[in-house]
Enquirer: 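Provided herewith is a single structure, encoded as structure tokens, for subsequent inquiry.
Proteins get letters first, then strands, A, B, ... in listed order; numbering begins at 1 in each.
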2 protein chains.
Amino acid sequence: MSTELTPLQQRVLDFITECIQDRGVPPTVREIGKRCKINAPSSVAYHIKQIEAKGFLKHEDAISRGLSLPEGSDPARLPILGRVGAGNGIIAQEDIEGHLRVDPESAKRGDFVLRVRGDSMTGVGILEGDFIQVRPAETARDGQLVIGVTEEDAEGVVKRLKKRGSSWQLESENPNYSPITKEFRVVGLVIGLIRNYS
Amino acid sequence: MSTELTPLQQRVLDFITECIQDRGVPPTVREIGKRCKINAPSSVAYHIKQIEAKGFLKHEDAISRGLSLPEGSDPARLPILGRVGAGNGIIAQEDIEGHLRVDPESAKRGDFVLRVRGDSMTGVGILEGDFIQVRPAETARDGQLVIGVTEEDAEGVVKRLKKRGSSWQLESENPNYSPITKEFRVVGLVIGLIRNYS
DNA sequence: GAGTATACTGTACAGATGTTCAGCTGTCAA
DNA sequence: TTGACAGCTGAACATCTGTACAGTATACTC
């Protein structure tokens with residue numbers, strides 16, 4: 001059995017998700033059939049079994065509307081991987097310090113969260129203590145906010161990637177800091193920011 | 001009719017909440033009756049009507065398990081209420097423009113999200129387009145970031161509440177803006193910030 | 001051509017389910 | 001005592017609902 005959903009199964013699952021999220025109540029097999037142009041309730045039951053077997057659905061037998069979305073369909077749970085130096089900080093060891101949940105629409109598998117340290121990016125509203133959502137990537141475009149790592153000491157910093165002349169560098173958004181011009185590597189893109197005022 | 005729930009109604013609501021959150025499927029009137037020692041399904045229906053009338057429940061008529069928690073009961077899913085002027089903007093009509101999910105640990109019932117407009121708060125890293133998580137409140141302490149509304153035109157702005165001498169004012173974090181000294185009202189506290197880089 | 005798997009259809013049915021209705025019980029104020 | 005009201009009961013009912021079963025159609029393999 002494939003682990004992928006067929007287009008029809010996807011439509012069924014989409015409809016179930018829509019009902020649960022927008023209406024709060026899961027649909028019945030007949031409601032699904034009506035919406036997805038499946039005439040027999042037993043056909044719908046058949047598909048539900050398939051979808052459940054593939055892990056995209058939880059189904060309680062013999063309970064009306066006994067459909068629910070499995071764990072992890074809620075806000076995506078991203079690991080907090082340590083602090084990132086926005087000044088001269090460090091991506092700490094990859095110990096997971098905790099988890100932060102974010103909107104699943106803006107998260108992809110593999111994303112992680114870093115905590116900002118230092119004030120080198122205050123010019124673009126990235127403050128000490130902020131959580132930054134990072135999407136692993138090895139390349140980036142000119143001007144993007146990235147997580148950079150210098151070869152020698154594996155420091156990790158939030159910076160803006162900039163092309164100056166023929167060479168690339170990592171620039172701060174704070175006049176007190178000078179750009180990093182020595183060899184570095186891009187390890188991820190900054191795609192989100194979460195801040196908590198306590 | 002009071003706006004408070006009776007102890008029994010609270011137990012009924014707790015059970016419904018428990019079912020929805022833990023099992024994913026709302027209970028039937030008979031399941032509620034069994035758990036809450038109410039023998040007649042019609043009694044349960046009676047209580048459900050009460051609870052719904054008090055605004056703690058949504059109930060779709062004649063639909064099995066047609067119970068769901070009203071907007072805002074899922075602390076993780078906050079309504080986006082419109083834009084908030086960080087410069088001279090406006091809290092738009094309370095139309096819900098969408099939803100944003102946040103970490104449930106940092107959300108409470110009643111929280112909502114506003115989108116920042118303008119650049120008056122860039123000094124503290126609040127940029128145009130950012131989403132701000134707001135907790136409704138009518139009072140705040142000196143120095144807190146708040147959502148303020150001026151009496152005359154119901155404008156809503158993100159500002160810092162400050163006491164200057166004997167009077168309070170709303171200050172921007174951008175030298176280009178002057179403080180709001182005319183009469184205003186605090187409607188909420190800024191407790192979080194979510195930014196998406198696209 | 002035979003066999004098999006997948007994706008359905010149509011029907012039937014037992015049980016679940018929301019709702020209605022008539023009536024009961026206790027409390028509280030007039 | 002009376003009346004109003006909230007809370008509850010029990011029975012009945014129409015409908016909803018998940019499931020089972022017996023088939024059909026198509027595609028693919030052997």
Enquirer: Strictly below 4.0 Å: does A:H47 bring a side-chain N or O up to OP1 or OP2 of C:dC8?
Expert: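 Result: yes.
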Enquirer: Among residues at least two apart in sequence or on other chains, which ones pass side-chain hydrogen bond (donor to acceptor under 3.5 Å, both in side chains) with A:E60?
Expert: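 A:E60: no side-chain hydrogen bond (donor to acceptor under 3.5 Å, both in side chains) contacts found.
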Enquirer: Check whether B:R11 reaches the backbone of B:C36 with its side chain - one donor and one acceptor, N or O, closer than 3.5 Å.
Expert: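 Yes: the side chain of B:R11 pairs with the backbone of B:C36.
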Enquirer: Given atom CD1 of A:I48 and atom P of C:dA7, what is their separation to the nearest angstrom?
Expert: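 Distance check: A:I48 CD1 to C:dA7 P gives 15 Å.
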Enquirer: Which nucleotide wins on minimum distance to the side chain of B:T28, given the candidates C:dT17, D:dG7, C:dA7?
Expert: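 Selected nucleotide (nearest to the side chain): C:dT17.
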Enquirer: Does B:S64 offer a backbone N or O that forms a donor-acceptor pair with the side chain of A:R65 under 3.5 Å?
Expert: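 Indeed, once roles are kept as given, a pair shorter than 3.5 Å links the two residues.
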Enquirer: Answer with base, sugar-phosphate or nothing: what part of the nucleic acid does B:R65 contact at a heavy-atom distance below 4.0 Å?
Expert: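 Since only primed, P, OP1 and OP2 atoms lie under 4.0 Å of B:R65, the category is sugar-phosphate.
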Enquirer: Going by number, which of residues 35-44 of chain B have a non-hydrogen atom under 4.0 Å from DNA chain D?
Expert: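 Going residue by residue through residues 35-44 of chain B, the ones with a heavy atom under 4.0 Å of DNA chain D turn out to be B:I38, B:N39, B:A40, B:S42, B:S43.
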Enquirer: Rounding to an integer number of Å, can you tell me how far A:H59 NE2 sits from D:dG18 P?
Expert: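 One finds 7 Å between P of D:dG18 and NE2 of A:H59, rounded.
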Enquirer: With the 4.5 Å side-chain cut-off for hydrophobic clustering, are B:Y197 and B:V116 part of the same group?
Expert: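 Yes, because B:Y197 and B:V116 connect within a single hydrophobic cluster, where side-chain heavy atoms sit under 4.5 Å apart.
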Enquirer: It should be established whether A:Y46 places a side-chain nitrogen or oxygen under 4.0 Å from OP1 or OP2 of nucleotide C:dC8.
Expert: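 No, because none of the side-chain N or O atoms of A:Y46 sits under 4.0 Å from OP1 or OP2 of C:dC8.
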Enquirer: Rounding to a whole Å, what distance do you find between B:L67:CG and C:dT17:C1'?
Expert: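 Going from CG in B:L67 over to C1' in C:dT17 covers 12 Å.
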Enquirer: From CD1 of B:I32 over to P of C:dA16, roughly how many Å is that when rounded to an integer?
Expert: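 It works out to 16 Å between those atoms.
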Enquirer: Once you round it to whole Å, what is the distance between C1' of C:dA7 and CD1 of A:I51?
Expert: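 A:I51 atom CD1 is separated from C:dA7 atom C1' by 13 Å.
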Enquirer: Measure from CG on A:D61 to P on D:dT17 and round the result to the nearest Å.
Expert: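 The answer, rounded to whole Å, is 17 Å.
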Enquirer: When the distance from CZ of B:R30 to P of C:dT19 is rounded to whole Å, what number comes out?
Expert: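 Value for this atom pair: 11 Å.
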Enquirer: Within this structure, what is the NZ-to-C1' distance between A:K49 and C:dA7, rounded to whole angstrom?
Expert: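 Whole-Å distance recorded here is 14 Å.
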Enquirer: Do other residues, nucleotides or ligands put more than 12 heavy atoms under 6.0 Å from the NZ atom of A:K34?
Expert: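 No.
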Enquirer: Does any part of the side chain of B:F56, heavy atoms only, come nearer than 4.5 Å to the side chain of B:I16, both counted from C-beta?
Expert: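 No; the side chains remain at least 4.5 Å from each other.
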Enquirer: Scan for side-chain hydrogen bond (donor to acceptor under 3.5 Å, both in side chains) pairs involving residues 129-139 of chain B, sequence neighbours excluded, and state none if there are none.
Expert: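 The answer is B:D111-B:Q133, B:D111-B:R135, B:D130-B:R195.
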Enquirer: Out of D:dT17, C:dA7, D:dG7, which has the shortest distance to the side chain of B:S64?
Expert: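 Closest of the options to the side chain of B:S64: D:dT17.
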